[in-house]
Number of protein chains: 2
Amino acid sequence: MRLAPPAGRAYTSPMPDPVAIPIPTLRRLPEYLRVFRDRRDAGDSWLSSEAVGQILGFGAVQVRRDLAAAGASGSPKCGYPVSETVRRLEALPGIRGLSAAILVGSGRLGEAVLADPGMERHGLRIEEIFDLSPDRVDRVLDGRRVLPLSRLPETVRRTGCRLAVLAVDPDQAGAASLALARAGIAGILDLSGAASPFPKDLLVRRFCFASGLAALAGELDARERKKNLDGFPRQT
Amino acid sequence: MRLAPPAGRAYTSPMPDPVAIPIPTLRRLPEYLRVFRDRRDAGDSWLSSEAVGQILGFGAVQVRRDLAAAGASGSPKCGYPVSETVRRLEALPGIRGLSAAILVGSGRLGEAVLADPGMERHGLRIEEIFDLSPDRVDRVLDGRRVLPLSRLPETVRRTGCRLAVLAVDPDQAGAASLALARAGIAGILDLSGAASPFPKDLLVRRFCFASGLAALAGELDARERKKNLDGFPRQT
DNA sequence: CTCTGTGAAACGATTCACAGCA
DNA sequence: TGCTGTGAATCGTTTCACAGAG
């Protein structure tokens, strides 16, 4: 149940290699946390991998593998202990560890980020709000005053934030990312939809509604063509 | 240049399988389109895979493979012909083909989707806006009147829309997805952050700011630990 | 000589099948 | 019997190395 070095794998560290969480798994972990929190709040004590899979649309085996990677263990016959699992998931770096972020951009998109009820549920917090347009600075949003970019370095130093959400217009993305990099931000969730290169040492994860939709359309198309070729996918 | 059946791979279809675009590629294609459009608007005629890779943070080989999958060809020494490549990318299903979508949810998140300048650039269009809250219905947003869910089936039938963006509160996601499925929608971009299961026959792609941020934090952490172990990653 | 295009190898994630425990 | 946990096989993408065209 602990870790039992399977067979090979003896590089330098006798430790279980807490690093080895695959990136796709990493992306799913927050979803698991949300599900387990829901169940905890609903008063349940146990939850099986199968049930989690059904809710999230993954396979049960994958759920078990992911949870194992996160350091969570379950009990045969019962499933996973809800509170304990929540605690394990929260203990992961990036889920509770690096939980503060800066928001750049206070337009509609930025407001939507602030209003996201998921933020709090994931244990995340927007520390400060910045904007590049002078006429947007000094407004009060969600209880915080919008700051000019010039205040960035100081804020990063003070809060120790390493993450930023970039919710500006595409043509401001370059300037903003530069400022963020200079201020010491390490990771950016870029919602701007800009097509410009970012500073190399920044870890950037992009998302934009339009790309997401376009990709979805493509996947849908691919899936339907596949169905037409296969006949029935599964029938035992 | 056409397709040349490599070696093995001869199941049933002697055809080039125009279906065979891998899903990760499919997700990147909209990004390429954006870059090539930018360059076209900037007046450039040629663009190399290396340059595209640098802008988007991918490897040059990957760019070439992706563009090849999309049916675009380049010329040695010059790179890819910008206008021609834009046309090729636009010709793909889901990039210009299935380009209309329905929006459910007219709160801040829905407004952000409507305001996304990327929408138009990707050739996408929000056909109609719906909401579950009666007091939000009948407002006019972005030139369109917000409709009640009861108008969904008719709208889907009329427009032939297969895609929907779900931008409602988490607790409304279940009801909304059910209505969408019943109305004949096939693919949903779910921005609600809900942890409830969706109808099985729907293709659902989820995104929420919080999960995205949390995953980013995790990736950042993983990357930094890796750096610490490796010494220098690249030095020839 | 530069940049595309591609077989083949390498890699990593998902799935399968089954061992083990309550 | 029900569910977790995991070696092993499978599947698919990314990367490498080089052939080929302008």
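To find a chain, count down the sequence lines: A is the first, B the second, and so on, and within it residues start at 1.
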Ignoring hydrogens and angles, answer whether the base of C/dT15 and the side-chain atoms of A/Arg65 contain a donor-acceptor pair closer than 3.5 Å.
yes
In residues 48-60 of chain A, what residues come within less than 4.0 Å of DNA chain D, judged by heavy atoms?
A/Ser48, A/Ser49
Using 30° and 60° as the class limits, which term best fits the ring planes of A/Tyr80 and A/Phe36: parallel, tilted or perpendicular?
perpendicular
Within less than 4.0 Å of OP1 or OP2 of C/dT15, is there a side-chain N or O belonging to A/Gln62?
yes
Just grab all the salt bridge (charged side-chain N to carboxylate O under 4.0 Å, His left out) pairs involving residues 187-197 of chain B, residues at least two apart or on different chains.
B/Asp190-B/Arg206
Between protein and nucleotides 18-22 of chain D, what N or O pairs are separated by less than 3.5 Å?
none

When you measure from the side chain of A/Arg88 to the backbone of A/Gly71, do you find a donor-acceptor pair of N or O atoms at a distance under 3.5 Å?
yes
Among pairs that include at least one residue of residues 43-54 of chain A, which meet side chain to side chain donor-acceptor pair (under 3.5 Å), considering only residues two or more places apart or in two chains?
A/Arg39-A/Asp44, A/Ser49-A/Arg64
Any side chain to side chain donor-acceptor pair (under 3.5 Å) pairs touching residues 166-183 of chain A, not counting sequence neighbours?
none
To the nearest 10 degrees, the angle between the two end axes of the helix from C/dC1-D/dG22 to C/dA22-D/dT1 (five pairs per end) comes to 0°
Residue pair A/Ile102 / A/Leu163, side-chain heavy-atom distance below 4.5 Å
no
Of the listed nucleotides (D/dA17, D/dT13, D/dG5), which one gets closest to any side-chain atom of A/Tyr80?
D/dG5
